Amino acid sequence: MGFERAGFEIPVANEFDSSIWKTFKINHLNSQLITKDIRNLSADIFPDDIDGIIGGPPCQSWSEAGAQRGIEDLRGKLFFDYIRILKAKKPKFFLAENVSGMLANRHSAAVNSIVEMFKSCGYNLTLNLVNAKNYGVAQERKRVFYIGFRQDSGIDFKFPKGSTADDSKKITLRDVIFDLQFSAVPAAVGNVHNEKADNNNEYFTGSFSTIFMSRNRVKSWDEQAFTVQASGRQCQLHPQAPKMIFFGKDDFKFVYSKVNDAYKMIGNAVPVNLAYEIAVAIRNYLM
């Protein structure tokens with residue numbers, strides 16, 4: 001959609017996740033959607049007379065929230081299919097997007113290899129780590145962009161400075177979803193679509209992910225949202241919810257292998273400050 005708004009046409013797209021097909025088709029009427037696994041697709045299925053190839057090979061393999069198996073994961077290897085098609089089509093430019101976790105030290109060898117493969121296809125490459133909040137988005141979202149122009153084009157591409165790079169121009173939650181201040185409705189039973197929801201103003205209900213409380217999940221109306229996670233179980237709380245307050249690390253040591261066991265230990269315990277105040281009262285009676 002971003003490229004369409006900039007004047008590009010998207011003749012062909014590929015998406016293997018069936019839950020996305022209907023949304024794509026209804027919003028991109030002039031694009032042919034290929035729904036097969038890209039690993040089984042010949043490059044010939046894509047048109048020759050194109051200006052560029054844009055895409056984001058699955059990011060779970062590189063995500064800081066995941067196992068970070070990187071190129072060793074089957075999903076990480078999909079970068080090779082992106083490069084395979086790029087090499088066959090040789091458009092004027094390409095763009096490949098992924099998560100910031102890709103630049104972790106543990107992936108440096110794999111990333112260097114990918115960079116060299118892009119260059120070997122005949123492209124001058126730029127590698128940029130940017131935050132969406134600097135580009136007109138009300139969200140903290142760091143992403144890596146590989147952008148290449150064919151070497152024979154003579155183009156020396158410079159990644160743009162964002163329109164909201166200056167703090168005074170930042171877009172906030174108030175700017176984009178303040179209309180949901182009082183109109184949000186819960187999802188239907190089982191977190192299925194609520195037919196009463198107007199313009200997708202429904203919110204996830206039920207249990208949160210066990211890592212949900214590992215970080216603050218509330219941003220106020222006048223801030224940018226945290227990165228939107230690809231899971232309802234890690235959704236952010238309403239901007240009017242009270243923020244978690246950081247008091248610093250405790251010197252108490254928790255020992256566990258499963259995160260859920262840590263929650264169990266805390267959940268089954270009497271809160272320390274409650275026990276302390278009762279203990280002080282008891283001690284006063286004994287003195």
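Computed from a prediction, not measured in an experiment: that's the story for all the values here.
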Heavy-atom side-chain contact between Ile53 and Phe46 under 4.5 Å: no

Looking at Asp261 and Lys258, is any side-chain nitrogen of the basic one under 4.0 Å from a carboxylate oxygen of the acidic one? no

Under-4.0 Å salt bridge between Lys158 and Asp156: yes

Heavy atoms from other residues, nucleotides or ligands near NZ of Lys142 exceed 12 (cutoff 6.0 Å): no

Between Phe159 and Phe157, how do the two ring planes meet: parallel, tilted or perpendicular, split at 30° and 60°? perpendicular

Derivation of the side-chain hydrogen bond (donor to acceptor under 3.5 Å, both in side chains) call for Asn134 and Lys161: CA-CA 8 Å; Asn134 295 327; Lys161 177 184 177 181; over 6 Å; no

Could you tell me whether the side chain of Lys170 and the main chain of Ala138 form a donor-acceptor pair under 3.5 Å? no

Above 12 or not: heavy atoms from other molecules or residues under 6.0 Å from NZ of Lys92? no

Side-chain heavy atoms under 4.5 angstrom apart, residues restricted to Ile, Leu, Val, Met, Phe, Trp, Tyr: same cluster for Val130 and Val99? no

Between the side chains of Arg39 and Asp81, is the shortest nitrogen-to-carboxylate-oxygen separation below 4.0 Å, so that they form an ion pair? no

Short question: side chain of Thr164, backbone of Lys133 - any donor-acceptor pair under 3.5 Å? yes

Any non-hydrogen side-chain atom of Pro47 less than 4.5 Å from a side-chain atom of Ile50? yes

Are the side chains of Pro91 and Arg150 in contact, using a 4.5 Å heavy-atom criterion? no

With the 4.5 Å side-chain cut-off for hydrophobic clustering, are Leu95 and Tyr146 part of the same group? no

Examine the side chains of Lys119 and Asn124 and answer whether a donor and an acceptor come within less than 3.5 Å of each other. no

Do the non-hydrogen side-chain atoms of Arg141 and Val228 ever get within less than 4.5 Å of each other? yes

Verdict with supporting geometry, Glu9 and Asn30, side-chain hydrogen bond (donor to acceptor under 3.5 Å, both in side chains): CA-CA 8 Å; Glu9 296 178 358; Asn30 297 319; over 6 Å; no

Using distance alone, with no hydrogens and no angle criterion, decide if Ser220 and Glu223 have a side-chain donor and acceptor under 3.5 Å apart. yes

Can you see whether Asp166 engages Ser168 through a side-chain donor-acceptor pair at a distance of less than 3.5 angstrom? no

For Trp221 and Gln181, does a side-chain donor sit closer than 3.5 Å to a side-chain acceptor? no

Might you confirm whether atom NZ of Lys90 has over 12 heavy atoms from other residues, nucleotides or ligands at distances under 6.0 Å? yes

Sorted by chain and residue number, the ring pair (Phe, Tyr, Trp, His ring centres under 6.0 Å) partners of Phe226 (sequence neighbours excluded) come out as none

Decide ring pair (Phe, Tyr, Trp, His ring centres under 6.0 Å) for Phe94 and Phe118; before the verdict, give the C-alpha distance in whole Å, the side-chain angles of both, and the deciding distance to 0.1 Å. CA-CA 10 Å; Phe94 75 86; Phe118 278 136; 4.4 Å; yes

